[in-house]
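Counting convention: from 1, in listed order, for ligands and their atoms alike.
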Amino acid sequence: MRLLVVEDEIKTGDYLHQGLSEAGFMVTLARTGLDGHHLAMTETFDLLVLDVMLPDVDGWRIVQSIREAGRQTPVLFLTARDSIDDRVKGLELGADDYLVKPFAFAELLARVRTLLRRSSVPVMTDQMRVADLILDLPRHRAMRAGRKINLSHKEFCLLELLVRRQGEVLPRSLIASQVWDMNFDSDTNVIDVAIRRLRAKIDDDFETKLIHTVRGMGYKLELDDEHD
Ligand code: CA
């Protein structure tokens, strides 16, 4: 796990660097806001530990800037400021937690571990996209090239499965068990019929075909494939 610590106070910085390294993390220490900001924007970390009061670019601006750039790295603010306003401001800007100095190292470590655990849960996004096909998951809607496509519940589930596992050949048996909750022994013709219907809606009117048959194996969804 890679951590970036941004702290301008020499002693605190050294202490954090040493303590977190001994706890088994790979720690990069930045002693200025500018360095910290640059590192947070250009390298990949699992967590940022940011001091708020930095003489050049403060911790708030770092968080604001990385969130605006779409980076979701969890952030723990570390600061001597402890007014409610500051706390709220930090959290509103997209910090994940807040620890007021002076703090016990054990508490910092516990919070770091909690944040890392929380962020390792995959983020569920509301949309999936392949080329010009967009799936709106909460609403069970599909669009291609800006056109709404009417799908039945099963058709949507089938398409979602194909999109989630794009590039992978999905055997009929797997599709049957995932979408219809039935075994391979059941009527697999159902799958072929459903795929044909889905293709008619997703692919027929479009030049670029997304759903492909892999003979003797199953189906897959992929952009630019020669199998068909
Ligand atoms: Ca400081």
Whether Lys209 and Asp204 form a salt bridge (side-chain N of Lys/Arg under 4.0 Å from carboxylate O of Asp/Glu) is what I want to check. no
Could you pull out the N/O/S protein atoms under 3.0 Å of the Ca ion (ligand 1), ignoring any water? Asp8 OD1, Asp51 OD2, Met53 O
Relative to the ring of Trp60, is the ring of Phe77 parallel (under 30°), tilted (30 to 60°) or perpendicular (over 60°)? perpendicular
Report the residues that fulfil salt bridge (charged side-chain N to carboxylate O under 4.0 Å, His left out) with Glu43, sequence neighbours left out, ordered by chain and then residue number. Arg2
Do the charged groups of Arg61 and Glu68 touch, with an N to O distance under 4.0 Å? no
Results of salt bridge (charged side-chain N to carboxylate O under 4.0 Å, His left out) for Asp35 - residues two or more places apart only: none
Mind checking what makes side chain to side chain contact (heavy atoms under 4.5 Å, CB included) contact with Gln178, not counting sequence neighbours? Leu161, Leu174
